[in-house]
Amino acid sequence: MKKLSVVFLGPPGVGKGTQSKIVSEYFGIPHISTGDMLRAERKAGTSLGKQVQDILGRGDLVPDDLVVAIVEKRLAEPDCEGGYILDGFPRTVAQADELEAMSATALVYNLTADAEALVARIAKRRSCPKCGQMISVEAVGDNVGCPRCGTDMVQREDDCEGTVRNRLRVYNEQTAPLIAYYREMNLLKSVDGMRNIDVITGEVIADMEQYRGR
Ligand code: ADP
């Protein structure tokens with residue numbers, strides 16, 4: 001069977017994390033989120049966590065060599081042999097070059113949405129500090145517990161409006177060039193991220209199954 005080496009591309013708040021989680025569970029391949037990994041380092045107070053703390057808070061990019069090192073280590077784990085879903089990596093052309101040197105990408109899904117919708121979506125986004133479940137307060141109301149485990153939901157510190165605007169700027173300047181990069185490699189598939197979650201998931205899963213050859 002073909003290796004499902006997949007990259008989810010797209011601006012902050014477009015739904016990469018949500019889709020990656022569902023799709024990775026469906027195919028039984030790991031979901032690798034560099035944002036989650038960096039936040040875990042920060043929470044554990046490791047030296048890497050301390051190095052990236054302020055960068056995460058501002059919404060700027062962590063230096064390429066640091067992120068490349070954590071991804072390289074993760075992709076070397078045996079559970080990545082049949083494939084993986086990268087969420088939030090690569091974010092620069094230099095990272096994409098490094099990734100191709102480590103492992104050839106098979107599929108790139110570029111999730112798209114309009115910038116103002118993203119700012120509004122992120123402002124409403126809450127996550128569970130215990131199990132990582134994400135929800136929108138629009139869907140369930142504010143001050144409710146995690147639908148999975150009941151823990152109080154929190155807002156990510158970099159989800160405040162000022163930081164979100166910086167993250168969008170950083171995305172446009174440093175990450176958006178990857179759209180042309182992967183298009184030139186004939187790997188890019190555009191997915192309209194403004195539709196319902198399950199409609200998007202269905203489209204991505206069908207495409208991955210077709211690629212894998214079922
Ligand atoms: P989102 O996709 O919602 O913007 P992430 O959880 O993917 O958020 O990333 C949060 C932060 O982690 C980024 O704003 C950035 O500071 C850092 N980060 C994550 N992935 C990378 C990467 N590949 N390169 C550099 N910095 C990264």
Side-chain angles (χ1 to χ4, degrees), residues 6-21 23-24 30-44 46 48-75 84-103 105 108-113 115 117-129 132-136 154-179 181-182 191 193 197 200:
V6 175
V7 168
F8 272 75
L9 201 62
V14 77
K16 298 186 298 290
T18 303
Q19 294 298 334
S20 306
K21 270 196 199 79
V23 172
S24 78
H31 166 211
I32 304 175
S33 158
T34 43
D36 286 351
M37 290 161 101
L38 292 167
R39 282 186 289 277
E41 295 281 341
R42 184 183 56 184
K43 199 169 167 202
T46 63
L48 174 60
K50 291 193 180 102
Q51 253 177 293
V52 302
Q53 171 140 9
D54 295 345
I55 304 175
L56 293 182
R58 285 195 303 270
D60 288 332
L61 292 189
V62 168
D64 288 337
D65 54 340
L66 297 182
V67 197
V68 167
I70 60 170
V71 172
E72 189 159 27
K73 195 162 157 229
R74 184 66 189 85
L75 290 184
Y84 47 80
I85 305 221
L86 282 170
D87 159 17
F89 182 92
R91 256 179 160 90
T92 63
V93 168
Q95 291 178 16
D97 285 339
E98 294 278 359
L99 173 61
E100 289 317 299
M102 289 179 225
S103 171
T105 303
V108 179
Y109 296 102
N110 181 38
L111 293 172
T112 59
L118 296 172
V119 176
R121 245 195 221 183
I122 293 176
K124 293 181 193 139
R125 175 159 88 174
R126 302 289 182 275
S127 64
C128 174
Q133 174 75 33
M134 307 268 257
I135 54 157
S136 166
V154 295
Q155 183 171 37
R156 242 169 70 181
E157 64 154 5
D158 61 346
D159 275 354
C160 60
E161 189 168 337
T163 307
V164 169
R165 294 213 182 264
N166 186 46
R167 282 159 57 201
L168 283 169
R169 195 162 43 239
V170 168
Y171 166 80
N172 285 326
E173 285 168 10
Q174 306 200 53
T175 308
L178 291 177
I179 298 173
Y181 179 99
Y182 286 119
V191 178
I197 292 176
I200 300 172

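The first residue of the sequence shown is numbered 1, and numbering continues consecutively from there. All ligand and atom numbering here is 1-based and tracks the order in the structure.
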Notebook entry, point to check: Strictly by modelled atom types, are N172 and R169 linked by a side-chain donor-acceptor pair under 3.5 Å?
Noted result: no
Note to self: Can you see whether Q174 engages T92 through a side-chain donor-acceptor pair at a distance of less than 3.5 angstrom?
What the structure shows: no
Next item on the list: Look up atom CD1 in I85 and atom NZ in K21, then write down how far apart they are to the nearest 0.5 Å.
Entry: 12.0 Å
Note to self: I need the L111 CG to T18 OG1 distance, nearest 0.5 Å.
What the structure shows: 9.5 Å
In residues 52-59, what donor-acceptor pairs under 3.5 Å come from side-chain atoms, sequence neighbours left out?
| unit_1 | atom_1 | unit_2 | atom_2 | d |
| --- | --- | --- | --- | --- |
| R58 | NE | D60 | OD2 | 2.9 |

Just the distances, no angles: every ligand 1 N or O to protein N or O pair closer than 3.5 Å, one line each.
| unit_1 | atom_1 | unit_2 | atom_2 | d |
| --- | --- | --- | --- | --- |
| ligand 1 | 2 (O) | K16 | NZ | 3.2 |
| ligand 1 | 2 (O) | R91 | NH2 | 3.3 |
| ligand 1 | 3 (O) | R125 | NH2 | 3.2 |
| ligand 1 | 3 (O) | R167 | NH2 | 2.9 |
| ligand 1 | 4 (O) | R91 | NH2 | 3.2 |
| ligand 1 | 4 (O) | R167 | NE | 3.4 |
| ligand 1 | 4 (O) | R167 | NH2 | 3.0 |
| ligand 1 | 6 (O) | R39 | NH1 | 2.9 |
| ligand 1 | 6 (O) | R39 | NH2 | 2.9 |
| ligand 1 | 6 (O) | R156 | NH1 | 3.4 |
| ligand 1 | 7 (O) | R91 | NH1 | 3.2 |
| ligand 1 | 7 (O) | R91 | NH2 | 3.3 |
| ligand 1 | 8 (O) | R156 | NH2 | 3.1 |
| ligand 1 | 9 (O) | R91 | NH2 | 3.4 |
| ligand 1 | 16 (O) | D60 | O | 2.5 |
| ligand 1 | 20 (N) | T34 | OG1 | 2.7 |
| ligand 1 | 20 (N) | G88 | O | 3.3 |
| ligand 1 | 20 (N) | R91 | NH1 | 3.0 |
| ligand 1 | 23 (N) | G88 | O | 2.9 |
| ligand 1 | 23 (N) | Q95 | OE1 | 2.9 |
| ligand 1 | 24 (N) | Q95 | NE2 | 2.9 |
| ligand 1 | 26 (N) | V62 | N | 3.0 |

Check: Under 4.0 Å between a Lys/Arg side-chain N and an Asp/Glu carboxylate O for D36 and K43?
Finding: no
